[in-house]
Amino acid sequence: MSTYPFTEIESRWQKYWEENNLYQVDEDPSVPKEKRKYILDMFPYPSSSGLHVGHPEGYTATDIYSRFLRMRGYHVLHPIGFDSFGLPAENYAIKTGTHPRKSTETNIEMFRRQIKSLGFSYDWSREISTHNPDYYRWTQWIFLKLYKQGLAYEDTVPINWCPSCKTGLANEEVTDGKCERCGEKVFRKNIRQWMLKITDYAERLLEDLEKVDWPESIKSMQRNWIGKSVGANVVFKIENSEEDLEVFTTRPDTLFGATYMVLAPEHHLVQQVATDDRRKAVETYIREAAAKSDLERTDLAKEKTGVFTGAYAVNPVNNKRIPIWISDYILISYGTGAIMAVPAHDERDWEFAKTFDLPIIQVVDGGGVTSDEKGEPDFCYAGNGVAVNSGRFDGLDTPTFKTHIVEWLEEQGLGKRAVNYKLRDWIFSRQRYWGEPIPLLHCEKCGVVPVPEKDLPLTLPEVESFTPTGTGESPLAVIDEWVNTECPVCGGKARRETNTMPQWAGSCWYYLRYLDPRNDASLADPAKLEYWLPVDLYVGGAEHAVLHLLYARFWHKVLYDIGAVPTSEPFQRLVNQGMILGEGGVKMSKSLGNVINPDDIVRDYGADSMRVYEMFMGPLEVSKPWSTNGLAGVHRFLDRVWRLSRREAVDSQPPRHLVKVLHQTIKKVTDDTDILAFNTAIAQMMIFINEAFKEEALYSRLWDPFLRLLAPYAPHLAEELWARLGNEPSVTRQDWPEWDEELAREEEVTIVIQVNGKVRAKVDLPAGMDKEKLEKTALEHERIQEWIEGKSIKKVITIPDKLVNIAVSAK
RNA sequence: GCGAGAGUGGUGGAAUUGGUAGACACGCUAGAUUUAGGAUCUAGUGCCUUGCGGCGUAAGGGUUCAAGUCCCUUCUCUCGCACCA
């Protein structure tokens, strides 16, 4: 393949950019707020396998956009760093004995080299790594703020325990009942944990989604995850008991249809209400439920199970006695851990009632519910409708009934409006070594005591073995000289907290540290936070929709509440890049052997080809398959640019049609780059090159602006050709070209002539011809005459510069 | 099941407010050049048809002079959630 000397060109300009600190940015106060842009990539976890082709996709997009903005006069902050705490490095340490710091830092070096080889315009002076004590000092500082705000608490809770990783996992790290990292089946285990009260922020996390410019799918996933439900808590009396039974329902309008109650097996009243003759069955059931994994409990396909407790509750609306059951389809962690069951109007209750032959009473007329011989409906209707069998409420529609019944319950002191969220508090402990130590002490006298801020960072001790103890404690627990310490309050004996933070901690606030990465007095100078925040564009994978992006928003809001950041949301605009699949549209994976290594691409085709190809594949947001042929096509385009540049440059007036294509190209590339439609911008540059290639000469008046357009996309090649044109570097410091609408205009347009909506002729005419003239031309057209002959013309629609449509009817 | 999104040539994908469907690229075909080439250049390339012409944007219906685009119904695929009362 004929090819231009990309290797030499690329290394030359990368060196030049680095030596001249071309992309370093400051907080110049003379730059007005609207001319400052913060363009952020999701920073990578430096894995041992190096960069894959998915990384450069998002990184190239933000790089092109950053370079484009700079050329248009913006002050652009575009940083990068590494999310360097986490399990893989620790698992590697367990296997090989290599200290995670060592393998992590080796991996970071590899990533840094790979990222630099693609010519991204990062401000490397701001690089950070989350495992660095200068960084995690502030992660710990934020944790202490959370603790002091009452947002961190200890609790012994059943957590998802991965027997292979020997650690607890957050709900979000469990997929299909299996550990997201190792695939091992997860089961429940009670362990003392540090929890963060993200639930306190549920409402604001939900509401503020309105304020941000994010993909609707991500917003919807977050809403779904937060899972707000509005309904009522209703109190039921228990027969022969002092205790009341409170349930949460979103359908208080179906109270008259409640035919039984169900408690979660873990509900605190179960033991009390169970009658002696039922006690044995109840206890057996509780034991069985406890032994089940979460996966077994939530397996939808399985039959409903449960037992009757022997006790009865009283329905407050009609004083009917209804039996109390227990079943594991009721979750202790949601609502009150108990429900009123309305089998006629809830699918789950319906199944349960059918299994155990419990009564079913229809109370909502959905328009089609019929009754069987027992007088019970023959299917479950969960929608809205008109109330029936509900005493004086009969005839009310569902929403009205809900309002009325809640008012009535509140008057009677039997219930009140209630809101529930699916969102749970965040289990913030990991029983691992390679994470930020939680900066707390357990003092024999004072209880839990925070490490004084002046003693931060609380650094990780050196250990011999990274193997988890498996008891639920981290490897830190066996380092006596680290664990045993003095209480800073009373001076007595104290033990350090041995749990570490989960991997999400460091990534919750890294975008703040970029603003002031070497500050050792605060997490960042408030003036710098004020200068740059919020992030104007954040690009990364959709896999972080409810993990990183929800946690980061939560921390940001806490920091906002204590006055540490000036905005209520961190990321104003979010774009998810699509996945890059292997050739043929299958997933890229090691086992399929179809993984593309960016190093190979850079070596064989060059960084510019890699960049332009990844942007040319299709829209940024969608998944698309890799194609080496497609890559070669893009490389061919850059090679043509190179060969064109070798022609003799002339300063004469270029032909009109080329000037026109150039101005059309400037317009299209400007508009498309602005909306991240890089694929169509590149297509337009190809059109320009195809046209220019037909000329003998190289017109420098066209070439200069074209190179500016090319610069964000293929910065090395553009830089080289810019210099060869006799200009001083750097092209990236030049102004973005302007187009002239007049020069971009087509003077001749093809007019389509239709008869009854079908194209019958096409004519080339001068642009801007008026309607009458167009219509006349169309009607007189020879071919059209044939089509309309002997027919009567009903209507003629004329769209200037586009078409003439003649509607005729047969006569 | 619920929620979100998507279905356009052999392939990746283009198509303001409804106004020439298939830009650009890959692949393919033919030719030129070349010792040769998977390099380069030129031409062609949605399907059917010798031609006139007809048919074409998942399927069916509707609105309109005009529908890939708007409305209704159905199907398929991808992603997320999943007994959350």
Side-chain angles (χ1 to χ4, degrees), chain A residues 1-3 175-176 215-225 227-229 231 247-251 254 262 264 297-302 304 327-331 333-342 345-349 351-352 382 420-424 542-543 545-546 576 578-579 583-585 613 616-619 621-634 636-637 639-640 643 668 671 677 679-687 689-690 693 749-759 761-762 794-808:
Chain A
M1 182 182 270
S2 136
T3 195
T175 310
D176 292 333
E216 206 41 53
S217 62
I218 300 292
K219 286 191 185 187
S220 149
M221 278 161 75
Q222 291 215 348
R223 285 191 194 107
N224 206 313
W225 192 263
K228 182 180 183 178
S229 293
V247 300
F248 173 71
T249 177
T250 55
R251 294 296 300 270
T254 60
V262 192
R297 269 184 78 154
T298 58
D299 187 358
L300 256 183
K302 85 170 162 48
K304 291 265 185 295
S327 172
D328 63 7
Y329 85 92
I330 302 308
L331 309 174
S333 50
Y334 185 77
T336 63
I339 62 147
M340 63 172 202
V342 185
H345 306 291
D346 182 284
E347 293 284 354
R348 298 150 300 181
D349 298 346
E351 263 180 57
F352 192 82
N420 266 294
Y421 301 91
K422 285 200 274 186
L423 185 70
R424 304 292 151 78
E543 66 274 19
V546 287
N576 293 121
M579 256 206 304
E583 300 223 25
Y613 172 61
F616 185 65
M617 292 170 85
E621 301 85 350
V622 306
S623 296
K624 50 245 155 185
W626 179 267
S627 155
T628 299
N629 278 332
L631 169 72
V634 164
R636 200 140 47 220
F637 160 64
D639 194 53
R640 275 161 77 90
R643 281 183 288 131
K668 180 96 179 130
D671 291 349
N679 55 331
T680 47
I682 293 164
Q684 184 62 41
M685 287 192 268
M686 288 174 169
I687 291 171
I689 290 300
N690 290 346
F693 210 76
V749 290
T750 304
I751 303 291
V752 170
I753 309 174
Q754 300 178 324
V755 177
N756 284 345
K758 288 200 192 299
V759 179
K762 293 178 185 180
K794 290 193 303 187
K795 200 172 175 185
V796 179
I797 290 97
T798 307
I799 309 293
D801 291 349
K802 291 275 184 193
L803 60 71
V804 179
N805 188 6
I806 305 159
V808 297

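Just so we're on the same page: letters track the sequence lines, and every chain starts at 1.
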What distance separates [X] [atom1] from [Y] [atom2], expressed to the nearest 0.5 Å?
| X | Y | atom1 | atom2 | result |
| --- | --- | --- | --- | --- |
| A:I751 | A:K802 | CD1 | NZ | 9.5 Å |
| A:I806 | A:N756 | CD1 | CG | 9.5 Å |
| A:K228 | A:L423 | NZ | CG | 13.0 Å |
| A:Y329 | A:I339 | OH | CD1 | 4.0 Å |
| A:F248 | A:N420 | CZ | CG | 4.0 Å |
| A:R640 | A:N690 | CZ | CG | 4.5 Å |

Closer than 4.0 Å, any side-chain N/O of [X] to the OP1 or OP2 of [N]?
| X | N | result |
| --- | --- | --- |
| A:K758 | B:U20 | no |
| A:K762 | B:U20 | no |
| A:S229 | B:A85 | yes |
| A:R636 | B:C26 | yes |
| A:N679 | B:A14 | yes |
| A:R223 | B:G80 | no |

Counting only Watson-Crick pairs (N1-N3 plus N6-O4 or O6-N4) and G-U wobbles (N1-O2, O6-N3), all under 3.5 Å, who is the partner of [N]?
| N | answer |
| --- | --- |
| B:U50 | none |
| B:U17 | none |
| B:U69 | none |
| B:A39 | none |
| B:U34 | none |
| B:U63 | none |
| B:G3 | B:C79 |
| B:U45 | B:G27 |

How long is the line joining [atom1] of [X] and [atom2] of [N], in whole Å?
| X | N | atom1 | atom2 | answer |
| --- | --- | --- | --- | --- |
| A:R640 | B:A39 | CZ | P | 13 Å |
| A:K624 | B:G7 | NZ | P | 14 Å |
| A:W626 | B:U11 | CH2 | P | 21 Å |
| A:Q684 | B:A14 | CD | P | 15 Å |
| A:I799 | B:U16 | CD1 | P | 16 Å |
| A:D671 | B:A23 | CG | P | 21 Å |
| A:R251 | B:C83 | CZ | P | 20 Å |
| A:K304 | B:A85 | NZ | P | 14 Å |

Toward the 5' end of RNA chain B, by each residue's nearest nucleotide, A:S623 or A:N756: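 Between the two, 5'-proximity favours A:S623.
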Can you work out whether A:A683 or A:S333 has the more 5'-proximal nearest nucleotide on RNA chain B?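 The 5'-side residue here is A:A683.
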For A:R223, what residues pass the salt bridge (Lys or Arg N to Asp or Glu O under 4.0 Å) criterion, not counting sequence neighbours?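 Residues passing salt bridge (Lys or Arg N to Asp or Glu O under 4.0 Å) with A:R223: A:E210, A:E216.
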Proximity to the side chain of A:D346 - top-ranked nucleotide from B:A85, B:C65, B:C81: B:A85
Heavy atoms only, 4.0 Å cut-off, all strands: where does [X] land among base, sugar-phosphate and nothing?
| X | answer |
| --- | --- |
| A:Y613 | nothing |
| A:I751 | nothing |
| A:L803 | base |
| A:E347 | nothing |
| A:N629 | sugar-phosphate |
| A:D349 | nothing |
| A:P619 | sugar-phosphate |
| A:F637 | nothing |
| A:G227 | nothing |

Using atom [atom1] of each nucleotide, how far apart are [N] and [M] to the nearest Å?
| N | M | atom1 | answer |
| --- | --- | --- | --- |
| B:A36 | B:U50 | P | 38 Å |
| B:U17 | B:C26 | P | 30 Å |
| B:C72 | B:G12 | C1' | 32 Å |
| B:U64 | B:C52 | P | 33 Å |
| B:C65 | B:G60 | P | 23 Å |
| B:U34 | B:U29 | P | 23 Å |
| B:U57 | B:U69 | C1' | 10 Å |
| B:A59 | B:C41 | P | 38 Å |

Taking all heavy atoms of A:W225 and all of A:K422, pick out the closest pair and write down the distance. O-CB, 3.8 Å
Give me the atom names and distance for the closest heavy-atom approach of A:V247 to A:T336.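 Shortest heavy-atom separation between A:V247 and A:T336 comes out as CA-OG1, 3.3 Å.
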Determine all donor-acceptor pairs shorter than 3.5 Å in which one atom belongs to a side chain in residues 623-631 of chain A; sequence neighbours excluded.
residue : atom : partner : partner atom : Å
A:S623  : OG   : A:M579  : N            : 3.3
A:K624  : NZ   : A:E57   : OE2          : 2.7
A:K624  : NZ   : A:P619  : O            : 2.6
A:K624  : NZ   : A:L620  : O            : 3.2
A:K624  : NZ   : A:V622  : O            : 3.0
A:W626  : NE1  : A:T628  : OG1          : 3.3
A:S627  : OG   : A:N629  : N            : 3.4
A:S627  : OG   : A:G630  : N            : 2.9
A:T628  : OG1  : A:E583  : OE2          : 3.0

Syn/anti label of B:G46 as read from its glycosidic torsion, with the cut at 90° from 0: anti
A side-chain contact here means heavy atoms from C-beta on lying under 4.5 Å apart; do A:P215 and A:E621 qualify? no
Counting only distance, no hydrogens or angles, is the base of B:C65 paired donor-acceptor with the side chain of A:K794 under 3.5 Å? no
Under 3.5 Å, which N/O atoms of the protein pair with N/O atoms of nucleotides 2-6 of chain B?
residue : atom : partner : partner atom : Å
B:G3    : O2'  : A:S220  : OG           : 3.1

